[in-house]
Amino acid sequence: MPTTESSELTPPYWSELRRVGPFYRRYRWRYLGGLAMILAAVALRISVPSIFGDSIDQLHEAEGASANELVELAAAGGLAIAIVAVFGAVVRTASRLLVLGTSRHAVHDMRNEVMDRLVTLSPSYFQGQQTGQIMSRAVNDVQFVQSLLGPVFLYLSETAALYIVALIFMSSISVTLTVIALIPFPIFLWRARLLARRIQISSREAQDALGEISARVEESLSGGMVVRGLAIEDFDLARFEKRGRRYRDLNLEVTRTRARLGALMTLLAAFSTFVVLAVGGPMVLSKTITPGGFVAMVFYLQLIAAPTGVLGFVISTLQRGAAALGRIGELLDTSPTLTAPDHPDEVVQGGGAIDVRKLTVVLENEKGQPRKVLDEVSFEVFSGQTLGVVGATGSGKSILLQVLARQLEVNAAHVFIDGQDVTDLRPEELRAEIGYVPQEAFLFSKSLADNVLLGRPDGDRALLDRALNVSHLMRDVDRLPEGLDTVVGERGLNLSGGQRQRAALSRVLVMEPKLLLLDDPFSAVDAHTTDEILNDLRPFLEGCTAVLVAHRVATVAQSDQIIVLDKGCIAERGTHAELIMQGGLYARLHERQRAKEELRAHMDREGRGV
């Protein structure tokens, strides 16, 4: 059962339904055409009881006529009903093609709108969101909204038209009997509203639970090797089953409530029919209404009984769609924080010079508390130079590169590239000039060649081979089943960690950026191969500015300038030789790593018996 708290947190669904207004307006002519077809179908459908009732009255009045005349009267009535039924079927089919077909176009636009918002949101948004929840909103919730744009519109319009036209015809037969038949409606509909409210709350909770399941599955698949490596399959399955049971229970609650609502609507139609039979029979005997009018009245009630029963489904679907709209609305209402200025400058064709002035970055932790990750950081890198960045884990190295890559928001007058304030430029235009290799190399489920040429699909084979040679990935190509055409699998899982990192490096090299940002791109590559890659990379670095983050001191030793980050601040700066002479953090880190490498080399020699 939904809690009081969840009920208070769930907004009225009418405020959410306004979000589908733009889609109705965008396709208004199609919806209006569908509405016209619905009205025509209802008019034809509602005329059948009238024709039937008139035929009964004609047969009743033709008492004493010959059998042939009675057959002719009955056949004329039957033929009229058949003609109306055929036209009604055609018009009814046309109405569904128009409305339901248009709903597909509208939901296609909504998916594009959701995706457009997702790709424009800054990376900091996704750091606080579960991937499964985002996927659930983009896929499952959008599918629920399609019901609002199609079936709900269709059934509500049809039911409303059917009620209006039927009540007009019923009133023409007997106003008194019509009013008596409608007496139970307010009571039943009031109860239906309470059940519908409960459906909305339970549906929202169920959709949130589905998002949790999606997040759980995504996490389990991504960390599958860890789960199997630690032999915690049972524990991981138990966590999934717990979320699955919650989703099942919430959906069962929705199903039970929808069943009660449907039964309520069916009971309403049956009760109204009983009232007409109980009250209308004596009225026929007293000749207040004709036998044909009485039969027509019963038929009219049967006609509105079916949509009244469906009304329970429509109301519950409306509530479920409103809950989905609320979740989608939370996503669409999130404004991108990393956007282009109103009047952006053109990106100059410079050499990628960097000027960082008193840069401070504050991010929120998992509890939403602010945490300063960079504090008053200032440095300058001239065009064509290479800056090395080292520091302990959590010192802010990766955050610094994310800022330089225009992946994190910064205030104006703190970061300049080629003399231009990055906040005065379009982020996408600036990113096109930057080659950024993040710490975690991500590859798409495409061929190796497609992954490397992703940022420059028009690149030729010579450019591809050069990038692969520099990254020393070419030597591994022959060992792949289909060479460069080998599909690397989702996230590049068919490749080793070092191969993925070298593929990511190759991907930015083919772009020939003016600014190259490397966030520890050799952490999964052995020291010997790293040194070879750095040697081959030097001619390439002569044509651009580079920032190289590394855990291993030897990786940045040849940099023109090195900064050492400690708790978000620059603790030391200088060349490799200068920092060694200072005897500070850098020198101690260098000494520890050198001692480890000497020990490892000694153990290797001992193992080989040298």
Side-chain angles (χ1 to χ4, degrees), residues 225-226 229 386-393 395 397-398 400-402 405 435-444 447-449 451-455 464-480 483-484 486 488-489 491-511 513 516-541 544 546-559 562 576 586 589-590 592-604 607:
M225 295 183 67
V226 176
T386 298
L387 172 70
V389 183
V390 295
T393 301
S395 59
K397 304 185 300 296
S398 295
L400 175 61
L401 254 66
Q402 290 178 32
Y436 173 47
V437 181
Q439 198 170 53
E440 182 180 351
F442 185 94
L443 300 181
F444 294 89
S447 71
L448 178 60
N451 270 283
V452 174
L453 294 174
L454 191 63
L464 175 63
D465 289 346
R466 179 195 176 198
L468 293 174
N469 284 320
V470 171
S471 66
H472 283 231
L473 187 59
M474 184 65 81
R475 65 177 65 172
D476 297 339
V477 170
D478 293 337
R479 284 178 273 178
L480 298 176
L484 288 173
T486 301
V488 299
R491 295 175 181 250
L493 292 180
N494 293 351
L495 303 179
S496 68
Q499 288 172 332
R500 288 198 297 272
Q501 286 188 331
R502 284 179 283 156
L505 175 61
S506 302
R507 185 163 56 198
V508 299
L509 293 181
V510 299
M511 296 174 59
L516 183 61
L517 306 175
L518 306 176
D519 188 1
D520 207 2
F522 310 118
S523 59
V525 180
D526 63 84
H528 177 69
T529 303
T530 297
D531 293 338
E532 290 182 339
I533 294 174
L534 289 173
N535 288 331
D536 291 341
L537 193 59
R538 285 194 183 95
F540 183 90
L541 294 178
C544 69
V547 178
L548 174 58
V549 169
H551 171 73
R552 183 168 167 263
V553 167
T555 303
V556 300
Q558 300 299 319
S559 301
I562 300 171
H576 175 76
Y586 184 87
L589 181 61
H590 175 261
R592 285 198 301 269
Q593 292 180 358
R594 188 180 63 83
K596 287 181 180 179
E597 290 178 1
E598 289 180 352
L599 177 61
R600 187 180 298 112
H602 175 72
M603 293 177 66
D604 289 343

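Note: hydrogens, waters and symmetry copies are ignored here, and every other heavy atom, side chains too, is used.
- Taking the six-membered ring for Trp and thresholds of 30 and 60 degrees, His590 and Tyr586 have nearly parallel ring planes, at less than 30 degrees apart.
- Here Thr486 contributes atom OG1 and Arg479 contributes atom CZ; the two are 12.5 Å apart, rounded to the nearest 0.5 Å.
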CA sep, side-chain torsions, deciding dist, call: Arg502, Phe522, side chain to side chain contact (heavy atoms under 4.5 Å, CB included): CA-CA 8 Å; Arg502 284 179 283 156; Phe522 310 118; 5.7 Å; no

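- Put simply, the side chain of Val470 does not reach to within 4.5 Å of the side chain of Asp465, judged on heavy atoms.
- Rounded to the nearest 0.5 angstrom, Leu443 CG and Arg500 CZ are separated by 7.5 Å.
- Taking both residues in full, the closest heavy atoms of Ala405 and Leu517 are given as N-CD1, 3.5 Å, listed atom of the first, atom of the second, then distance.
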Test log, rule salt bridge (charged side-chain N to carboxylate O under 4.0 Å, His left out), inputs Lys397 and Asp520: CA-CA 9 Å; Lys397 304 185 300 296; Asp520 207 2; over 6 Å; no

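- Panel note: side chain Gln593, backbone His551; a donor-acceptor pair is recorded below 3.5 Å.
- Using a distance-only test at 3.5 Å, with no hydrogens or angles considered, no donor-acceptor pair links the side chain of Ser559 to the main chain of Ile562.
- Taking each heavy atom of Arg507 and Phe442 in turn, the nearest pair found is NH2-O, 2.7 Å.
- Annotation for Val437 and Ala504: closest pair CG2-O, 3.9 Å, computed over non-hydrogen atoms.
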Derivation and outcome, side chain to side chain contact (heavy atoms under 4.5 Å, CB included), residues Val508 and Tyr436: CA-CA 7 Å; Val508 299; Tyr436 173 47; 5.7 Å; no

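- Of all the heavy atoms in Val389 and Val556, the pair that sits closest is N-CG1, 4.3 Å.
- Counting only heavy atoms from C-beta outward, the side chains of Thr530 and Arg552 approach each other to under 4.5 Å.
- Of the listed residues (Leu495, Leu484, Val488), just one forms a side-chain contact (heavy atoms from CB on, under 4.5 Å) with Asn451, and that residue is Val488.
- In summary, the side chains of Gln501 and Ser523 do present a donor paired with an acceptor at a separation below 3.5 Å, with no hydrogens or angles considered.
- Once rounded to the nearest 0.5 Å, the distance linking CD of Glu532 with CG of Asp526 reads 8.0 Å.
- The heavy-atom pair separating Leu548 from Pro521 by the smallest distance is CD1-CD, 3.9 Å.
- Within the model, atoms CG of Leu509 and CG of Leu505 stand 4.5 Å from one another, a figure rounded to the nearest 0.5 Å.
- In this structure, a donor-acceptor pair under 3.5 Å is present between the side chains of Ser471 and Ser506.
- Residues Val452 and Ala503 approach most closely at CG2-O, 4.3 Å, considering heavy atoms.
- Remark: Asp536 does not engage Arg466 in a salt bridge, criterion side-chain N to carboxylate O under 4.0 Å.
- The NE2 atom of His472 lies 8.0 Å from the OG1 atom of Thr529; values are rounded to the nearest 0.5 Å.
- Between the CG atom in Leu473 and the CG atom in Leu468 there is a gap of 5.5 Å [rounded to 0.5 Å].
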Step-by-step side chain to side chain contact (heavy atoms under 4.5 Å, CB included) determination, Leu516 to Phe540: CA-CA 10 Å; Leu516 183 61; Phe540 183 90; 4.3 Å; yes

Working for side chain to side chain contact (heavy atoms under 4.5 Å, CB included), residues His528 and Asp531: CA-CA 5 Å; His528 177 69; Asp531 293 338; 5.7 Å; no

